[in-house]
Amino acid sequence: MFMRVRTRVAPSPTGAPHIGTAYIALFNRAFAKHHGGQFILRIEDTDQVRSTPESETAIFEALRWLGLDWDEGPDIGGSCGPYRQSERTALYREHVDRLVTSGHAYRCFCTSERLAALRLTQEANQERIGYDGHCAGLDAGDAAQRVAAGEAHVIRLRTPQEGVCQIADRFRGTIEIAWETVDDQILVKADGFPTYHLANVVDDHLMEITHVIRGEEWISSAPKHLLLYEAFGWEPPVLAHLPLLRNPDKSKLSKRKNPTSILYYRQAGFLPKALINYLGLMAYRPEGDLEMFDFDTMVASFDLDRVHLGGPIFDIQKLRAFNGHYIRELEDVDLLATLKGWLLQDASLLELVRMAQPRLEQLADFVPMTAYLFADQIPLDPADIDQAGKDSGKAAAWIQFVQWEFARLGDWDADGVRDCFNRVAEREGVKFKLLLGVFFRVFSGRAVALPLFEALVWLGRDMTLRRLHYAQEALREAGLGLSGKALKRLEKWYQERYLREGGEDG
RNA sequence: GCGCCCAUCGUCUAUCGGUUAGGACUCCAGGUUUUCAUCCUGGCAAGAGGGGUUCGACUCCCCUUGGGCGUGCCA
């Protein structure tokens, strides 16, 4: 019988939409489309603490911008909905109950303190880190009673003590992992929400996903997933683990070392076509060793056998070259339209006009006055930035604090931005004006510019964070930056001074 | 530490036992262009090391080395 191909991408809505999500989505969509199947978007918001609706919206926006549209998803529905895991909790509850009844899972009452202590001794004795099965042998009746009494607990997967799990990886063939190295994974957290492992398996089955193409970071938890399929009596999908995108230093792509937000790439003026083309070159080469291609071309000959397993380094330099190629390929009128759709649209220009108007003496002042807001990287004078902080080294530290503050700021608006600066000024005991002096230079390259908070709101969080990063880089290159040691110290300081005494600032 | 994955120019990759190991980005040189950019031409640059298997290994196997990921009530 012909099986309809269904793939999915399942990002969690925490933070900015990640370039790695686009990479995984691209391969899943290309594979599904090649086989005339469906590509599904599922939001994995089972982490109640970190998931935000803003982030979810940003994911929609980012993937749509790239043209990676989905056939079924939270915003457009579909026959296997809902597509947001937080709306499927009853489903998970129901399924995990079956597991507890059948003995494939058990309730665990261990406190996080006990778990922490356990880990400590395991580390000290150089033993394998993992749950010791303390609650695995609990009598089911007793456990039910404790639950009824309201005792906090989680539900764990009961993994085999011996034997070997064979994972059929589409790219690597059979991978063998000994069961003794697989932990009794938590399936349901104390808050009643499922963990990724449970929700993922239940959803992939219920949504009739046939091929799970995901990052290779998941290989080691594949045994747990396979065990779940078996426990439910379901046939597992085909598993295909793509190599991870890397930083230039070969580590897993991270925002500390690279811009990872898709929205950054949009604002920095990359074209979706270029980004898709470049991403399609990561770990992959289409038929005929083709280098420049669009999504449809990729789909036409898409073949998982052409995936290369070495972890590709995401090289912005090459992306830029590709982007330049696509810009040149545009008709002039189309480029103009693209430019207008980018940041030269009335709505965004109007905001700049409002900021500039009180400061304008000639119309000719407008473009020079606002130019720095359209750039990605602007020329910076690290010595000037450092001096603006009065004591050398202060500027770099303040920038770091502001980076952390911005990263955890909720709504990106002028008040929120101001509060961040206020907090830093207060905690560091520095005059607000002096502190801002540093940041005018960081963002505009000058001591005087448009009103800072409004300008940053206009710039957007991703670009703002990027600018902060550029400033740190410039300072470091000039020998005025933070050493690794200093950074560690600041981190501790930040945790103590900023995170622990929340709420006392207005 | 333990488990797993990976390994061709600096980077992305082609090669599916026999090639002068090819292309792209970067860099360098030359040409076109009032400058610059574009564009064109050329150049630098690679099979981690050691064992096997084979008439023959970048290609298959093993070991070593290197890198990565995992080891969360995160995904």
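Remember, predicted model here, so these are calculated numbers, not experimental data.
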Aromatic centroids of A:Y23 and A:F27 separated by under 6.0 Å | yes
Between B:U35 and B:U19, how far is it from one P atom to the other, in whole Å?
-> 47 Å
Protein-nucleotide distance (A:Q122, atom CD; B:G72, atom C1'), rounded to Å | 13 Å
What is the distance, rounded to the nearest whole Å, between atom CG of A:L187 and atom C1' of B:C74?
-> 15 Å
Scanning all shown strands, the Watson-Crick or wobble mate of B:G42 with both distances under 3.5 Å is B:C28
Residues within residues 50-64 of chain A bordering RNA chain B, heavy-atom distance below 4.0 Å = A:R50
For nucleotides 10-14 of chain B, which of its nitrogen or oxygen atoms have a protein nitrogen or oxygen under 3.5 Å away, and what is each distance?
{"residue": "B:C12", "atom": "OP1", "partner": "A:I313", "partner atom": "N", "Å": "3.1"}
{"residue": "B:C12", "atom": "O2'", "partner": "A:L281", "partner atom": "O", "Å": "2.8"}
{"residue": "B:C12", "atom": "O2'", "partner": "A:R285", "partner atom": "NH2", "Å": "3.1"}
{"residue": "B:C12", "atom": "O2", "partner": "A:K318", "partner atom": "NZ", "Å": "3.3"}
{"residue": "B:U13", "atom": "OP1", "partner": "A:A283", "partner atom": "N", "Å": "2.3"}
{"residue": "B:U13", "atom": "O2'", "partner": "A:R285", "partner atom": "NE", "Å": "3.1"}
{"residue": "B:A14", "atom": "OP2", "partner": "A:H308", "partner atom": "ND1", "Å": "3.3"}

Assigned partner base of B:G72, Watson-Crick or wobble definition, under 3.5 Å | none
C1' gap between B:G68 and B:U32, integer Å = 46 Å
Would you list the protein and nucleotides 36-43 of chain B atom pairs, both N or O, that sit under 3.5 Å from each other?
{"residue": "B:U38", "atom": "O3'", "partner": "A:R328", "partner atom": "NH1", "Å": "3.2"}
{"residue": "B:C39", "atom": "OP1", "partner": "A:R328", "partner atom": "NH1", "Å": "3.1"}

Side-chain contact test, heavy atoms from C-beta onward, threshold under 4.5 Å: evaluate it for A:H225 versus A:Y196 and give yes or no.
-> yes
Starting at atom CG of A:L244, determine the distance to atom C1' of B:A75, rounded to an integer number of angstrom.
-> 13 Å
So does A:D305 pair up with A:R170, basic N to acidic O under 4.0 Å?
-> yes
Side chains of A:S261 and A:D462: is there a donor and an acceptor less than 3.5 Å apart?
-> yes
To the nearest Å, how far apart are A:E216 CD and B:G67 C1'?
-> 11 Å
Would you please confirm or rule out a distance under 4.0 Å between OP1 or OP2 of B:G72 and any side-chain N or O of A:K189?
-> no
Is A:R246 touching bases, backbone alone, or none of the nucleic acid, heavy atoms closer than 4.0 Å?
-> sugar-phosphate
Map A:W218 and A:T174 onto RNA chain B by nearest heavy atom, then report which one ends up closer to the 5' terminus.
-> A:T174
Counting just side-chain N and O atoms, does A:R119 come under 4.0 Å of either OP1 or OP2 of B:G72?
-> yes
A:I276 side chain reached by A:L68 side chain, heavy atoms, under 4.5 Å | yes
So, A:H211 versus A:F31, ring centres under 6.0 angstrom or not?
-> yes
Span that lies between the C1' atom of B:A21 and that of B:C16, in whole angstrom | 14 Å
Selected nucleotide, minimal atom distance to A:T181 side chain, candidates B:G3, B:A75, B:C4 = B:G3
Test ring pair (Phe, Tyr, Trp, His ring centres under 6.0 Å) applied to A:F270 - qualifying residues, sequence neighbours left out | A:Y265
Is B:U65 paired to anything, Watson-Crick or G-U wobble with both distances less than 3.5 Å, and if yes, which nucleotide?
-> B:A7
Ignoring the backbone of A:T195, work out which of B:A75, B:G68, B:A24 is nearest its side chain.
-> B:A75
Quick one: ring pair (Phe, Tyr, Trp, His ring centres under 6.0 Å) partners of A:Y229, sequence neighbours excluded?
-> none
Tell me what A:A190 touches on the nucleic acid: a base, only sugar-phosphate, or nothing, going by heavy atoms under 4.0 Å.
-> base
With sequence neighbours left out, write down each residue that passes ring pair (Phe, Tyr, Trp, His ring centres under 6.0 Å) with A:F39, or none if nothing qualifies.
-> none
Establish, from distance only, whether the side-chain atoms of A:N323 and A:Y278 form a donor-acceptor pair under 3.5 Å.
-> no
Nearest listed nucleotide, side chain of A:I177, among B:G1, B:G3, B:C69 | B:G3
Reckon A:I186 touches a base, only the sugar-phosphate, or nothing at all at heavy-atom distances under 4.0 Å?
-> base
Compute whether any side-chain donor of one residue and acceptor of the other, for A:E405 and A:Y498, lie under 3.5 angstrom apart.
-> no
Taking atom C1' in both B:U38 and B:G67, what distance in whole Å separates the two?
-> 38 Å
Round to the nearest Å and state the distance from A:K224 atom NZ to B:A75 atom C1'.
-> 12 Å
Are the side chains of A:L187 and A:H104 in touch, meaning some heavy atoms are under 4.5 Å apart?
-> no
Give a yes or no on whether A:E230 atom CD has more than 12 heavy-atom contacts from other residues, nucleotides or ligands under 6.0 Å away.
-> no
Figure out the CG/P separation between A:D169 and B:C5, and round it to whole Å.
-> 9 Å
Determine the contact category for A:T46: base if any of its heavy atoms lies under 4.0 Å from a base atom, sugar-phosphate if only primed atoms, P, OP1 or OP2 are that close, otherwise nothing.
-> sugar-phosphate
Out of B:U26, B:C74, B:U71, which has the shortest distance to the side chain of A:I129?
-> B:U71
Using atom P of each nucleotide, how far apart are B:G42 and B:C61 to the nearest Å?
-> 38 Å
Between B:G22 and B:C62 - P atom distance, rounded Å = 29 Å
Within this structure, what is the CD-to-P distance between A:Q317 and B:C27, rounded to whole angstrom?
-> 6 Å
RNA chain B: 5'-proximal contact among A:F171 and A:Q85 (nearest heavy atom) = A:F171
Separation of A:N277 atom CG from B:A24 atom P, in whole Å?
-> 15 Å
So what's B:U34 paired with, Watson-Crick or G-U wobble, going by both distances under 3.5 Å?
-> none
Same-atom distance (P) from B:C73 to B:U13, integer angstrom = 34 Å
Can you tell me how far P in B:A46 sits from the matching atom in B:U53, rounded to whole Å?
-> 30 Å
Evaluate the ring planes of A:H205 and A:W234, with Trp represented by its six-membered ring, and classify them as parallel (under 30°), tilted (30 to 60°) or perpendicular (over 60°).
-> parallel
Once you apply the 3.5 Å cut-off to both distances, tell me the Watson-Crick or G-U wobble partner of B:C55, or none.
-> B:G18
Just call it for A:C165: base, sugar-phosphate, or nothing, with non-hydrogen atoms closer than 4.0 Å on any strand.
-> nothing
Taking atom types as modelled, find out whether A:Y83 and A:D203 have a side-chain donor-acceptor pair closer than 3.5 angstrom.
-> no
